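Here's the structure, in structure tokens; my notes come after.
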Amino acid sequence: MENCIFCKIVAGEIPSQKVYEDEEIVAFKDVNPQAKVHVLVVPKQHFATLAEMNLAQAEVLKHAMMRIPFIASTLGLGNGYRLIVNQGADAGQTVHHLHIHILGGQTLGEKMV
Ligand code: 5GP
Ligand code: ZN
């Protein structure tokens, strides 16, 4: 997808601090961290939101979710962490390439749920 910042990160066209990569996903540090540890997990294939995916394409989400405990362990998040997936304007999604935030490294504050 042209002009997608996360596609460019996946392609290595713009730099990022990658912490994990395999055939299907990349995880890298958020440039504007909202917690001591803040990493984004993105599918290599471009989807703006969950609504764009069909069931077969959504297999990458299962893969991502199953790799997150390993990624979290490499980040030292043995005491827990929070996952957030913003979808669309009301959620404040700013980068329209589906991503899972991993937040941790500290006691996390107020939460909505
Ligand atoms: P959203 O608000 O869409 O759920 O989250 C987008 C996240 O991407 C934000 O936390 C923002 O700091 C991060 N971000 C935006 N541009 C870049 C970038 O160029 N590099 C990295 N590493 N993170 C970015
Ligand atoms: Zn993209």
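Not measured: the values here are computed from a predicted model. Whatever order the structure lists them in is the order used to number ligands and atoms, beginning at 1.
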Solution key, residues 104-113 side-chain donor-acceptor pairs under 3.5 Å, sequence neighbours excluded:
from	atom 1	to	atom 2	distance (Å)
Gln106	OE1	Lys36	N	2.8

Heavy atom of the protein closest to [atom] (residue, atom name, distance):
atom: atom 8 (O) of ligand 1; value: Phe6 CZ, 3.4 Å
atom: atom 15 (C) of ligand 1; value: Val95 CG2, 3.9 Å
atom: atom 2 (O) of ligand 1; value: Thr94 OG1, 3.0 Å
atom: atom 19 (O) of ligand 1; value: Ile5 CD1, 3.3 Å
atom: atom 23 (N) of ligand 1; value: Val31 N, 3.3 Å
atom: atom 7 (C) of ligand 1; value: Asp30 OD2, 3.4 Å

Do any nitrogen or oxygen atoms of [X] come within less than 3.5 Å of a nitrogen or oxygen of ligand 1?
X: His101; answer: yes
X: Phe28; answer: no
X: His99; answer: yes
X: Lys29; answer: yes

Exercise for review: Determine, stepwise, if the pair Leu50 / Leu61 fulfils side-chain contact (heavy atoms from CB on, under 4.5 Å).
Suggested key: CA-CA 9 Å; Leu50 295 167; Leu61 298 177; 3.4 Å; yes

Check your understanding: Can you list the protein N, O or S atoms less than 2.8 Å from the Zn ion (ligand 2)?
Key ->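 Those protein N, O or S atoms (cut-off: under 2.8 Å from the Zn ion (ligand 2)) are Cys4 SG, Cys7 SG, His46 ND1, His97 ND1.
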
Review point. Which of parallel (below 30°), tilted (30 to 60°) and perpendicular (above 60°) describes His101 and His38?
Key: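 Answer is tilted, since the angle falls between 30° and 60°.
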
Review point. Going by the salt bridge (Lys or Arg N to Asp or Glu O under 4.0 Å) test, which pairs reach into residues 66-75, not counting sequence neighbours?
Key: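 Residue pairs with at least one partner in residues 66-75: there are none.
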
Review point. Going only through I, L, V, M, F, W and Y residues with side-chain contacts under 4.5 Å, is there a path from Leu40 to Val31?
Key: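 In one cluster: no.
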
Please confirm whether the backbone N or O of [Y] pairs with a side-chain atom of [X], one donor and one acceptor, at under 3.5 Å?
X: Gln34; Y: Asn32; value: yes
X: Lys44; Y: Glu21; value: no
X: Gln93; Y: Ala48; value: yes

Check your understanding: Looking only at heavy atoms, is any part of Ile84 under 4.0 Å from ligand 1, and if so is it the side chain, the backbone, or both, or is it neither?
Key ->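 Under 4.0 Å from ligand 1, Ile84 contributes no heavy atoms.
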
Exercise for review: Under the ring-ring contact (aromatic ring centres under 6.0 Å, His included) rule, collect the residues that match up with Tyr81, sequence neighbours excluded.
Suggested key: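 Partners of Tyr81 under the ring-ring contact (aromatic ring centres under 6.0 Å, His included) test: none.
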
Review point. What distance do Tyr20 atom OH and Ile68 atom CD1 have between them, rounded to the nearest 0.5 Å?
Key: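 These two atoms lie 10.5 Å from each other.
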
Only heavy atoms of [X], strictly under 4.0 Å: list the atoms of ligand 1 that pass.
X: Gly92; result: 2 (O)
X: Asn32; result: 12 (O)
X: Ile9; result: 20 (N)

Practice item. Would you sort out whether His97 and His99 count as a ring pair (Phe, Tyr, Trp, His ring centres under 6.0 Å), showing the intermediate values? Key: CA-CA 6 Å; His97 179 131; His99 52 279; 7.9 Å; no

**Study point:** Ile25: which of Val42, Val10, Val60 passes side-chain contact (heavy atoms from CB on, under 4.5 Å)
**Key:**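 With Ile25 as partner, side-chain contact (heavy atoms from CB on, under 4.5 Å) holds for just one option, Val60.
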
**Study point:** Test item: Ile102 and Leu83 side chains (from C-beta on) under 4.5 Å apart, heavy atoms
**Key:**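 Yes, at least one pair of side-chain atoms sits under 4.5 Å.
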
